[in-house]
Amino acid sequence: MEISESLRFGTVGSPQTTSTSGTPAAIEHIRQLGLDHLEIAWVQSVRVSDETCALIKAASEKHKVSLSIHAPYYINLNSLTSELMEKSDERLLTAARKGYLAGAYDIVFHPGSYHSQPPEQVYERAKEKLLEITGILREEGVAVTLRPETMGKSAMFGNLDEVVQLSKEVPGIAPCIDWAHLHARTGDGTFNSYEEFADALTRVRNVLGEEGLHRLHFHMSGIAYGTKGEKEHLPLNEADIRYRDLLQAFIDFGVAGTCAIEAPMPFHTSDALTMQATYRRLMNLKPSTDNPDE
Ligand SMILES: [Zn+2]
């Protein structure tokens, strides 16, 4: 049976098996591995020249590897002072501008903290902020999608419904669903069954429509968690996350987009390959609609 490649798999950050440094080499290595996507981890700061961005873009086009950017961690749509807010804005704008030059379509970022404020109030502030930022980028012709990520701690702004609702209300925003974070967020081991994964995808479809399921971006890994949520990423084979059930839900819902794997060393590359191989295997096991008896 022919495989319909609706999900592209890759790593967050260069695969650890890349022999030379630099993002263009990592892109070439992603292709050698048979993966299709790289999320460039500009997580501390964005210090990349326009010339380097051009090299990254050329490598992406040559090797047909799609790119996303993980923007710096120090972004908070709910910053407590105007000075911090300004710096946060600048980090997100810079990641988007440079990412666009580098040929990335999607800019992933951590949306921020509740700072113990009412979630509805934080949501409204985040929405206003994103309307402002996407407006600036649109005016500049920076055609990227900003993707707030679902967060792994209950004190952090960014549960599934918040991220999906922002995507509906703000043009230029779409979700980055981190499934490990959703599993870890409540600390009680929930969000780890086919039913719960299917329920999450149903919620996405209810708000963003069928086409919302066709342009998703995911983070995935094993994860350790406690009562307050996420502790650390784990390799798939040391974690309880039921990734086969998740992949089956992707297939059953016709999900398309990109999935970036964040496993710790030395499982970084191998977990991305395992996710991709498992997805392809499940696709092949899926009964064909043309031959229902097969
Ligand atoms: Zn992240």
Side-chain angles (χ1 to χ4, degrees), residues 8-16 23 26 37-46 66-79 88-89 91-96 98-99 102 104-114 122 126 129-130 133 144-164 166-167 173-187 191 200 204 216-225 228-236 239 241 243 246 257-265 267-268 271-272 275:
R8 304 169 67 84
F9 290 85
T11 55
V12 179
S14 305
Q16 93 273 13
T23 304
H37 186 80
L38 175 68
E39 182 153 315
I40 302 171
W42 288 341
V43 294
Q44 303 304 331
S45 62
V46 182
S66 53
L67 301 175
S68 50
I69 302 294
H70 197 309
Y73 293 132
Y74 310 102
I75 286 171
N76 188 346
L77 300 175
N78 189 33
S79 293
S88 170
D89 290 352
R91 289 188 184 104
L92 185 51
L93 285 165
T94 305
K98 292 285 188 176
Y105 302 116
D106 296 296
I107 315 296
V108 174
F109 65 101
H110 297 179
S113 173
Y114 294 115
V122 177
K129 183 45 79 182
L130 288 177
I133 301 254
V144 294
T145 301
L146 300 184
R147 293 190 179 260
E149 176 177 341
T150 58
M151 299 307 294
K153 292 191 171 116
S154 48
M156 305 302 284
F157 172 65
N159 65 26
L160 179 67
D161 292 324
E162 287 164 339
V163 164
V164 170
L166 282 173
S167 306
I173 301 291
C176 169
I177 303 178
D178 185 317
W179 296 94
H181 281 168
L182 290 178
H183 174 40
R185 185 172 172 94
T186 49
F191 226 113
V204 171
L216 288 172
H217 181 67
F218 303 131
H219 284 173
M220 181 58 186
S221 73
I223 197 158
Y225 50 90
K228 287 182 177 161
E230 150 180 45
K231 281 185 176 162
E232 59 181 343
H233 291 288
L234 291 176
L236 290 175
I241 197 147
Y243 63 92
L246 178 63
T258 40
C259 184
I261 280 77
E262 294 190 288
M265 304 298 171
F267 292 93
H268 193 207
D271 275 4
M275 288 288 294

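Atoms within a ligand are numbered from 1 in the order they appear, just like the ligands themselves. The figures here come from the full heavy-atom set of this structure, side chains too, leaving out hydrogens, waters and symmetry mates. Sequence positions, counted from 1, serve as the residue numbers for this chain.
The minimum heavy-atom distance between Ile261 and Cys259, with the atom names listed, is CD1-O, 3.7 Å. The two residues Ser221 and Ala180 make their nearest non-hydrogen contact at O-CB, 3.3 Å.
A centroid separation of less than 6.0 Å is found between the aromatic rings of His37 and His217.
The side-chain heavy atoms of Ser88 and Ile75, taken from C-beta on, include a pair separated by under 4.5 Å.
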Please output the side-chain donor-acceptor pairs of residues 152-159 that fall under 3.5 Å, not counting sequence neighbours, one pair per line with the distance.
from	atom 1	to	atom 2	distance (Å)
Asn159	OD1	Asp161	N	3.1
Asn159	OD1	Glu162	N	2.8

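None of Glu39, His219, His110 except one satisfies the side-chain hydrogen bond (donor to acceptor under 3.5 Å, both in side chains) rule with His70; the exception is His110.
Excluding waters, the protein N/O/S atoms found under 2.8 Å from the Zn ion (ligand 1) are His70 NE2, His110 NE2, Glu149 OE1, Glu149 OE2.
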